[in-house]
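Sequence lines set the chain letters: A, B, ... in the order given, protein chains first and strands last, and positions in each chain run from 1.
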Number of protein chains: 2
Amino acid sequence: MNASAPRAPAKPTGLDCRLAVLGSDVRLTPHRREVFDVLASSTDHPTAYDILDRVKSRSPHISLATVYNCLEHLTTAGLIKQVQLERGQSRYCANLHEHVHFHCETCGKVSDAHPAADFDPAKFWNLPKGTKVTRMDIAIHGTCEACTAKH
Amino acid sequence: MNASAPRAPAKPTGLDCRLAVLGSDVRLTPHRREVFDVLASSTDHPTAYDILDRVKSRSPHISLATVYNCLEHLTTAGLIKQVQLERGQSRYCANLHEHVHFHCETCGKVSDAHPAADFDPAKFWNLPKGTKVTRMDIAIHGTCEACTAKH
DNA sequence: TTTAGAATTAGAATGATTCTAATTGCATTA
DNA sequence: TAATGCAATTAGAATCATTCTAATTCTAAA
């Protein structure tokens with residue numbers, strides 16, 4: 001064991017600002033902020049590669065490993081959500097409002113849909129007594145408005 | 001181009017029986033039947049490796065490639081469903097009744113939960129007019145009864 | 001300033017799945 | 001019954017997304 005007590009986490013100063021959200025926090029380093037900003041200004045649920053491409057326009061030397069690292073930290077902190085709609089690449093989303101994902105099987109686009117105000121999902125399924133629910137992932141697959149019209 | 005017309009698909013004879021379900025069909029070869037039977041008698045949503053293990057007790061020489069191949073054919077035919085609860089291995093399920101998956105984040109077990117009789121999922125989300133829904137994937141994550149009790 | 005820990009990086013390693021090419025099996029046609 | 005041709009099966013290679021590793025750089029507190 002090391003005799004010295006663990007140092008307290010660094011406090012926000014200059015660029016090293018933090019955001020406390022949902023009881024967790026992250027050091028918002030420049031790269032993490034860029035990744036977050038890219039995601040916050042996207043509505044298309046980009047993959048890690050998509051995010052790499054977009055962040056590169058501001059930070060040409062950022063690596064894929066860093067993008068994955070940033071995404072993990074932001075996800076752990078609850079600032080963004082990882083979305084697994086199908087096997088293969090994960091997608092990411094900065095919309096923290098309760099919502100479901102609509103996936104168009106024709107054009108591949110993913111969009112958010114928001115529930116009606118009175119929707120209480122848990123009560124519709126007969127879960128055994130004592131079950132605790134922490135989150136729900138709802139994905140709706142089909143054909144979007146545009147693709148339906150084109151047909 | 002080959003001058004001969006394509007041969008009509010083989011008809012059911014002996015082992016080469018088919019099942020027509022949801023407008024599609026599969027040749028139910030011995031391996032496909034074994035994979036299907038394993039799945040139909042499992043409630044734990046096994047992965048491809050799990051299925052390989054179980055089928056091996058009857059067909060010791062079956063390969064992982066064949067298991068994947070069978071799973072793909074059975075999925076395409078609508079006899080089973082692929083379930084993607086998190087990144088990594090896909091799981092498979094032969095329960096074709098409308099249901100949602102409950103995933104215990106403590107013990108990792110996956111179980112089915114069935115909706116209340118009057119549940120009409122589509123009407124709860126404000127999807128753009130013209131959107132066509134073909135299927136919904138609903139995953140509920142949390143702590144199962146047993147793990148909650150142990151705590 | 002020094003220093004310890006965290007962030008970043010490139011590239012290797014991993015894990016799950018898909019692809020490829022060769023072989024085998026089965027059912028129709030000769 | 002034998003020949004034929006497609007589908008099924010196989011082992012192993014290839015691929016893809018992600019995670020890991022080890023080295024380097026950065027940041028902020030001492």
Colleague: Rounding to an integer number of Å, can you tell me how far A:His61 NE2 sits from D:dC26 P?
Modeller: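 Distance, rounded to whole Å: 12 Å.
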
Colleague: Determine: side-chain N/O of A:Ser63 to OP1/OP2 of C:dT8, distance under 4.0 Å, yes or no.
Modeller: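 The answer is no; no side-chain N or O of A:Ser63 sits under 4.0 Å from OP1 or OP2.
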
Colleague: Would you say B:Asp112 and B:His45 are linked by a side-chain donor-acceptor pair, where the criterion is simply a distance under 3.5 Å?
Modeller: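 Yes, side-chain donor-acceptor contact under 3.5 Å.
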
Colleague: Would you say the side-chain atoms of B:Ser41 and B:Arg54 include a donor-acceptor pair closer than 3.5 Å?
Modeller: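 No, B:Arg54 and B:Ser41 have no side-chain donor paired with an acceptor closer than 3.5 Å.
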
Colleague: Take atom CG of A:Asn69 and atom C1' of C:dT9, then tell me their distance rounded to the nearest Å.
Modeller: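 Roughly 10 Å, once rounded to whole Å.
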
Colleague: Which nucleotide in the set D:dA8, D:dT18, C:dA10 lies at the smallest distance from any side-chain heavy atom of A:Leu64?
Modeller: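 Ranking D:dA8, D:dT18, C:dA10 by closest atom to the A:Leu64 side chain puts D:dT18 first.
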
Colleague: OP1 or OP2 of C:dA16 less than 4.0 angstrom from a side-chain nitrogen or oxygen of A:Arg87, does that happen here?
Modeller: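 For A:Arg87, the contact criterion (side-chain N or O under 4.0 Å from OP1 or OP2 of C:dA16) is not met.
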
Colleague: Could you give the CD-to-P distance, from B:Glu86 to C:dA16, as a whole number of Å?
Modeller: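 My rounded result for the distance is 11 Å.
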
Colleague: Round to a whole Å and report the spacing from CZ of B:Arg33 to C1' of D:dT9.
Modeller: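 From B:Arg33 CZ to D:dT9 C1': 18 Å.
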
Colleague: Respond yes when some side-chain nitrogen or oxygen of A:Thr66 is under 4.0 Å from OP1 or OP2 of C:dT9, and no when none is.
Modeller: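 It does, given that an N or O in the side chain of A:Thr66 lies less than 4.0 Å from OP1 or OP2 of C:dT9.
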
Colleague: Base, sugar-phosphate alone, or nothing: which one does B:Ser90 contact when heavy atoms must sit under 4.0 Å apart?
Modeller: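 Sugar-phosphate only.
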
Colleague: Starting at NZ of A:Lys56 and ending at C1' of C:dA10, how long is that distance when rounded to a whole Å?
Modeller: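 Distance check: A:Lys56 NZ to C:dA10 C1' gives 12 Å.
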
Colleague: Kindly point out which of C:dT9, C:dA7, C:dA16 is positioned nearest to the side chain of A:Ala65?
Modeller: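 Looking only at side-chain atoms, A:Ala65 lies closest to C:dT9.
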
Colleague: Examine D:dT9: is either OP1 or OP2 under 4.0 Å from a nitrogen or oxygen in the side chain of B:His31? Give yes or no.
Modeller: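 So the side chain of B:His31 is within the cut-off, an N or O lying under 4.0 Å from OP1 or OP2 of D:dT9.
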
Colleague: Taking the six-membered ring for Trp, are the ring centroids of B:His99 and B:His101 within less than 6.0 Å of each other?
Modeller: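 Yes; B:His101 has its ring centre under 6.0 Å from that of B:His99.
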
Colleague: Do A:Glu105 and B:Thr134 meet the criterion of a side-chain donor-acceptor pair at a distance under 3.5 Å?
Modeller: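 Yes, a side-chain donor-acceptor pair sits under 3.5 Å.
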
Colleague: So if I take every side-chain heavy atom of A:Tyr49 and compare against D:dT9, C:dA7, D:dA17, which nucleotide ends up nearest?
Modeller: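 Comparing D:dT9, C:dA7, D:dA17 against the side chain of A:Tyr49, the answer is D:dA17.
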
Colleague: Classify the nucleic acid contact of A:Ile62 as base, sugar-phosphate or nothing, counting any heavy atom under 4.0 Å across all strands shown.
Modeller: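 Result for A:Ile62 = sugar-phosphate.
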
